[in-house]
Amino acid sequence: MSTAIYPGSFDPVTLGHLNIIRRAAACFDKLIVCVMINSKKTGMFTPEERVELLRRSTERFTNVEVDFSNELLAAYAKRRKAHVVVKGLRAVSDFEQEVQMAVINRKLNPRLETMFLASSDKYTYLSSTIVKEMARYGANLREFVPCEIVDDVNRRMREMEGKEG
Ligand code: ADP
């Protein structure tokens, strides 16, 4: 069985992520979308909440599993018996860091290959950071995040603004 991992912070999942998930899920028997926990960063959503938002957004894909991990990606892949890491590339700016990560991951786990999917052109501008900015200014989020989670993002932004103000 071919299993691939799509790692990221997904804070929150965007339509750009979902586009990569849909396309990668068509290439492998199983795709594990993994929220990688970076303890230094506090995000808009907790890792558990990000998993829940991802699960809700990917329910229709029967071969997609959502998980989270605070392990090194190379170790996580070994444990889950996955041989491929999928990454989305938006622009040349993503490239340098992603190639560096791919080389390091393969050094740590020589059986692990990284495959890059080029972002669909309508999502090349999209990132979780842009989504947070848009939410702060009250923009319509339907063009940016899965419809299942629009209300969650708006609600959390209002809570955060309330605390700051
Ligand atoms: P972000 O940069 O949005 O915070 P993540 O750290 O969650 O994203 O990214 C996880 C993976 O998804 C990375 O491989 C990243 O390049 C990819 N990705 C993020 N946004 C897009 C997009 N709009 N189109 C294609 N790939 C994307």
Side-chain angles (χ1 to χ4, degrees), residues 3-28 30-58 61 64-74 76-77 80 82-106 108-109 112-137 139-150 152-153 156-157 160:
T3 302
I5 295 177
Y6 177 38
S9 33
F10 305 106
D11 185 39
V13 56
T14 68
L15 289 179
H17 295 133
L18 199 64
N19 177 262
I20 299 287
I21 291 171
R22 180 181 59 72
R23 290 160 58 205
C27 298
F28 300 95
K30 179 171 171 177
L31 180 72
I32 304 173
V33 181
C34 188
V35 175
M36 303 305 290
I37 302 168
N38 178 345
S39 53
K40 282 202 208 96
K41 267 206 239 168
T42 55
M44 184 179 207
F45 293 97
T46 67
E48 291 78 8
E49 288 169 334
R50 293 177 211 177
V51 166
E52 203 274 315
L53 297 177
L54 269 163
R55 286 207 177 119
R56 228 190 298 149
S57 310
T58 59
F61 304 112
V64 170
E65 176 192 325
V66 183
D67 193 12
F68 69 96
S69 170
N70 55 11
E71 296 159 79
L72 266 176
L73 180 59
Y76 176 77
R80 298 302 315 266
H83 302 302
V84 176
V85 172
V86 171
K87 298 295 307 276
L89 281 186
R90 280 163 290 196
V92 187
S93 49
D94 278 344
F95 187 78
E96 201 172 310
Q97 202 200 347
E98 293 295 356
V99 169
Q100 193 181 13
M101 288 296 299
V103 172
I104 290 173
N105 281 329
R106 203 142 69 92
L108 295 171
N109 177 350
L112 194 58
E113 293 291 354
T114 300
M115 294 191 186
F116 296 104
L117 288 183
S119 174
S120 292
D121 53 0
K122 57 179 181 174
Y123 299 128
T124 49
Y125 66 90
L126 192 53
S127 68
S128 298
T129 306
I130 291 282
V131 165
K132 286 174 228 173
E133 280 297 292
M134 293 297 127
R136 181 166 297 127
Y137 292 105
N140 183 352
L141 297 185
R142 287 190 176 267
E143 279 182 57
F144 306 118
V145 301
C147 55
E148 294 88 345
I149 75 161
V150 168
D152 301 77
V153 177
R156 179 56 49 89
M157 184 50 77
M160 288 166 66

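Nothing here was measured: the structure is a model prediction, and the numbers come from that model. When reading the values below, keep in mind they use all heavy atoms of this one structure, side chains included, and skip hydrogens, waters and symmetry mates. Just so you know, ligand 1 is whichever comes first in the structure, and atom 1 is the first atom listed for that ligand.
- Taking a 6.0 Å sphere around CZ of R106, one finds it holds 12 or fewer heavy atoms contributed by other residues, nucleotides or ligands.
- Contact check on E65 versus R80 returns a salt bridge, with a Lys/Arg side-chain nitrogen under 4.0 Å from an Asp/Glu carboxylate oxygen.
- A salt bridge links E133 with R136: at least one charged nitrogen is closer than 4.0 Å to a carboxylate oxygen.
- More than 12 heavy atoms of other residues, nucleotides or ligands shown are found within 6.0 angstrom of CE on M44.
- With distances taken over non-hydrogen atoms, the option nearest atom 24 (N) of ligand 1 out of P7, S119, A118 is S119.
- Using 4.0 Å as the threshold, T14 has no heavy atom nearer than that to any atom of ligand 1.
- Close approach of ligand 1 to I20 (heavy-atom distance below 4.0 Å) involves ligand atoms 25 (C), 26 (N).
- Counting protein heavy atoms only, atom 6 (O) of ligand 1 is closest to S9 OG, 3.0 Å.
- A salt bridge links E98 to K87: one of the charged nitrogens lies within less than 4.0 Å of a carboxylate oxygen.
- Distances from atom 13 (C) of ligand 1 to the heavy atoms of K87, R23, H17 show the closest one on K87.
- Each of the following atoms of ligand 1 lies closer than 4.0 Å to a heavy atom of Y6: 11 (C), 12 (O), 17 (C), 18 (N).
- Numbered from 1 in the order shown, with element, the atoms of ligand 1 that lie under 4.0 Å from a heavy atom of F10 read 7 (O).
- The contact set between ligand 1 and S127, taken as ligand atoms under 4.0 Å from a residue heavy atom, comprises 3 (O).
- Of all non-hydrogen atoms in D11 and R50, the two that sit nearest each other are OD1-NE, 3.4 Å.
- Of all heavy-atom pairs between L31 and I21, the closest is CD2-O, 3.7 Å.
- In this structure, the protein non-hydrogen atom closest to atom 3 (O) of ligand 1 is S128 N, 2.9 Å.
- Close contacts of ligand 1 with D94, meaning ligand atoms under 4.0 Å from a residue heavy atom, involve 16 (O).
- Selection from G88, G43, G8, P12 by nearest heavy atom to atom 26 (N) of ligand 1 gives G88.
- The nearest heavy-atom contact from the protein to atom 23 (N) of ligand 1 is Y123 O, 2.8 Å.
- The two residues A74 and L108 make their nearest non-hydrogen contact at CB-CB, 3.6 Å.
- Scanning the protein for heavy atoms near atom 2 (O) of ligand 1, the closest one is R90 NH2, 3.0 Å.
- The only option from V145, V13, T14 that meets the side-chain contact (heavy atoms from CB on, under 4.5 Å) definition with S128 turns out to be T14.
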